[in-house]
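Contents: one structure, followed by commentary.
Given the structure is predicted, the values throughout are model-derived calculations rather than measurements. Indexing begins at 1, ligand by ligand and atom by atom, following the structure's order.
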Amino acid sequence: MTNKNLIDLEAMGVEQIDKIVRKARKIMQSPADYRHACDGKILATLFYEPSTRTQMSFQTAMLKLGGRTIGFDNPMNSSVSKGESLKDTISVISGYADIIAIRHPVEGTAMAASLYSSVPLINCGDGGHLHPTQTLTDIVTLSCEKGRLDHMKIGVCGDLLNGRTVHSLIKTLAKYEGNSFVLISTKELSVPLYIIDILEKNGCTYEISHSLSDAIVDLDMLYMTRIQRERFKSPEEYEAQKNVFVLDREKLDRARDDMIILHPLPRVNEITVDIDDDPRALYFKQAQYGMFGRMALILLLLQDEDFIISSRETELSVHRCNNPKCVTQSEAYLPNLSYKKLGMQMCDFCDKRID
Ligand code: CP
């Protein structure tokens, strides 16, 4: 099966990801050539969850391509507040717009929305699950700043359990040859096991570390992340985790001169502000690279007939997904779509195992 929706970068091969990066770099070199590339086209940004970068960079991307934007950033100002289902909202908006960018706090929502969209749909973050266009941002940054996407030692630090940006990034960089990973977190916020499975399946070496000071010394890239307060069950659990890993001047002095620091942002306390002027601190530049990556993605989805994203084979499961955070819990009409992985039945929306 094939489609034009970007739900998970996992569905793309290295050649396809490289094509987006090449396109982004071409746009950066001569932005004027693309000023009218999307004349007459409309992007709908449906943000059911707060955002600064993803929402505004998508809007800016479409405006810079000559298109226009519609949408909401507070669902309570839309008919969602009257109880409108995701299916109905998407069915209507795909009749207005040429392409949809959606963020939602519930896992699997982008996949669910894509079932009812007649136009390309892009996942801009679904709960703690995935955030593929942040990964595009990170990949474009790495390509421009390090000149390669392979043979790197990559440290990821912070909330590796709930951080959807980290999950998407590790899954994608694991596809490239010779990358190794240092997973720096507390025991409570370790990466989910399915990410470890992916690293092992791809033959990537990885270490688990509980010390940023120790891990930082021989990295090519350090990816810092925020502790995701909104995903904790109680304020006490969050308080126990916040500020455990803080990148400060003392730790940075132990790093190599050519290491780069990325962060998907927003930052809370995990990088001290005195580091912002260090040439290795690239997180603000990274946010700008993201806009070019999103321009490239919009163009390829709308204009390149060969740019098709493959879909996995699904089947109807007898059982319903029992992940309490899955979109199937709140949108009751959704079919019990599942797929097989390593002999197990997985939910097609949230990628959790269905028992
Ligand atoms: N990195 C990122 O997703 O930022 P926003 O939440 O501001 O969109």
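Between H263 and T165 there is no side-chain heavy-atom pair separated by less than 4.5 Å.
No donor-acceptor contact under 3.5 angstrom links the side chains of D248 and T272, judged on distance only. A donor and an acceptor atom, one from each side chain of Y283 and D276, are located under 3.5 Å apart. There is a side-chain donor-acceptor pair under 3.5 Å between Q59 and T45.
Among residues at least two apart or in separate chains, side-chain hydrogen bond (donor to acceptor under 3.5 Å, both in side chains) pairs with a member in residues 137-152 are R25-S143, Q134-D138, D138-Y223, D138-Q286, E145-K285, E145-Y289.
Note on ring orientation: taking the six-membered ring where Trp is involved, the planes of Y48 and H104 are tilted (angle from 30° to 60°).
Every atom of ligand 1 with a heavy atom of T54 under 4.0 Å away is listed here by number and element: 2 (C), 3 (O), 4 (O), 5 (P), 8 (O). For ligand 1, the atoms sitting less than 4.0 Å from at least one non-hydrogen atom of Q134 are 1 (N), 2 (C), numbered in the order shown with element in parentheses. Atoms of ligand 1 lying under 4.0 Å from any heavy atom of T52, numbered from 1 in the order shown and given with element: 5 (P), 7 (O), 8 (O). Those atoms of ligand 1 that come under 4.0 Å of a heavy atom in P264, given as number and element, are 1 (N), 2 (C). Of all atoms in ligand 1, numbered sequentially from 1 with element shown, those under 4.0 Å from a heavy atom of L265 are 1 (N), 2 (C), 4 (O).
Here's the thing with P50: none of its N/O atoms is less than 3.5 angstrom from an N/O atom of ligand 1. Remark: ligand 1 and Q55 share no N or O pair separated by less than 3.5 Å (distance only, no angle test). Residue-to-ligand polar distances keep P266 apart from ligand 1: every N/O pair is separated by 3.5 Å or more.
Of all the heavy atoms of T165, none lies under 4.0 Å from any atom of ligand 1, so neither backbone nor side chain is involved.
When only non-hydrogen protein atoms are considered, atom 6 (O) of ligand 1 lies nearest to R103 NH1, 2.9 Å. In terms of protein heavy-atom proximity, atom 4 (O) of ligand 1 is closest to R53 NE, 3.1 Å.
Taking 4.0 Å as the cut-off between side-chain N and carboxylate O, R231 and E49 count as a salt-bridged pair. Using a 4.0 Å cut-off between a side-chain N of Lys or Arg and a carboxylate O of Asp or Glu, D278 and R249 qualify as a salt bridge.
Residue contact check for ligand 1: H131 places a non-hydrogen atom closer than 4.0 Å to it. Contact analysis leaves M56 out of contact with ligand 1, as no non-hydrogen atom separation drops below 4.0 angstrom.
T133 pairs with exactly one of R103, R53, R294 by the side chain to side chain donor-acceptor pair (under 3.5 Å) rule, that one being R294.
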